[in-house]
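Structure, as structure tokens:
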Amino acid sequence: MFPRLPTVTKALLIANAILFLLQQPFLLGMQTFEPFMLQPLQQGFDAFSPGGNFQPWQLLTYGFLHGSFGHLFFNMLAVFMFGAPLEQTWGEKRFLIYYLVCVVGAGLCQLLVGTMLENPATVLGASGGVFGLLLAYGMLFPNQRVMLLFPPIPMKARTFVILFGVGELVLGMTGWQPGVAHFAHLGGMLFGWLLIRYWRGQPPFNKRRPPGPPKRPNHLRSVK
């Protein structure tokens with residue numbers, strides 16, 4: 001099954017797995033990758049000492065690092081489940097653009113929320129991109145049945161997305177599940193939604209005219 005995966009989906013799975021392996025203490029260790037984790041803006045910016053403070057590239061690189069095997073496993077399971085059909089529908093280029101936009105968008109939202117907190121945490125993980133994939137799957141295949149893991153309840157993809165989105169909002173606002181970047185998850189969904197609306201030419205974006213010469217008005221009148 002693995003060799004049949006679309007190219008970008010397969011590359012994301014392999015890249016995340018390799019980097020997680022390199023993060024282990026018997027290889028490079030977590031500290032080596034600290035300059036690539038998303039650091040809070042409160043840590044300041046120092047271009048000559050990238051460790052422990054915010055750097056622009058972290059908005060992308062944090063999405064390829066994970067804090068535990070469980071963190072990696074569930075994120076990659078979602079990439080496997082939702083990424084493959086989306087890449088097959090959109091093609092490699094559009095799928096990759098979408099995924100990376102969701103990762104960066106999630107990071108921007110997390111940085112914004114972090115400015116309102118006293119002690120914002122360092123963030124890492126592909127969850128922002130994953131939640132963007134989840135939203136896209138629900139928009140493109142709204143009636144497709146998906147199965148929750150805990151509890152194993154089947155439901156339509158549209159319902160699945162709504163429940164996850166509302167759940168993340170509640171958990172983020174209440175703080176019932178600390179240590180999880182809930183607003184990064186919501187940011188991935190938000191930027192994914194905006195990008196799909198842009199591609200479709202839907203509000204808040206103007207409808208884009210397809211490339212080519214202007215379409216001539218049809219002056220022919222039908223006669224009954």
Sequence neighbours excluded, which residues qualify as side-chain hydrogen bond (donor to acceptor under 3.5 Å, both in side chains) partners of [X]?
X	result
T7	E92
Q110	none
T32	none

Kindly indicate whether the side chain of [X], heavy atoms from C-beta on, has any atom under 4.5 Å from the side chain of [Y].
X	Y	result
Q55	T61	no
F54	L38	yes
F36	L60	no
T122	P40	yes

Residues in ring-ring contact (aromatic ring centres under 6.0 Å, His included) with F20, at least two apart?
none
Under the ring-ring contact (aromatic ring centres under 6.0 Å, His included) test, which residues partner F82, sequence neighbours left out?
Y137
Pairs flagged by ring-ring contact (aromatic ring centres under 6.0 Å, His included) wherever residues 86-121 is involved - sequence neighbours left out
W90-Y98, W90-W199
Please list, chain by chain and in numerical order, all residues satisfying side-chain contact (heavy atoms from CB on, under 4.5 Å) with [X], sequence neighbours excluded.
X	answer
N143	K156, R158
L96	V8, L100
L22	I18, L19, L27, L28, F33
S68	H71

Taking the side chain from T9 and the backbone from L5, do they hold a donor-acceptor pair closer than 3.5 Å?
no
Between the main-chain N or O of Q39 and the side-chain N or O of Q58, is there a donor-acceptor pair closer than 3.5 Å?
yes
Could you list the donor-acceptor pairs under 3.5 angstrom formed by side chains in residues 72-80, with sequence neighbours left out?
from, atom 1, to, atom 2, distance (Å)
N75, OD1, S127, OG, 3.2
N75, ND2, H66, NE2, 3.2
N75, ND2, S127, OG, 3.3

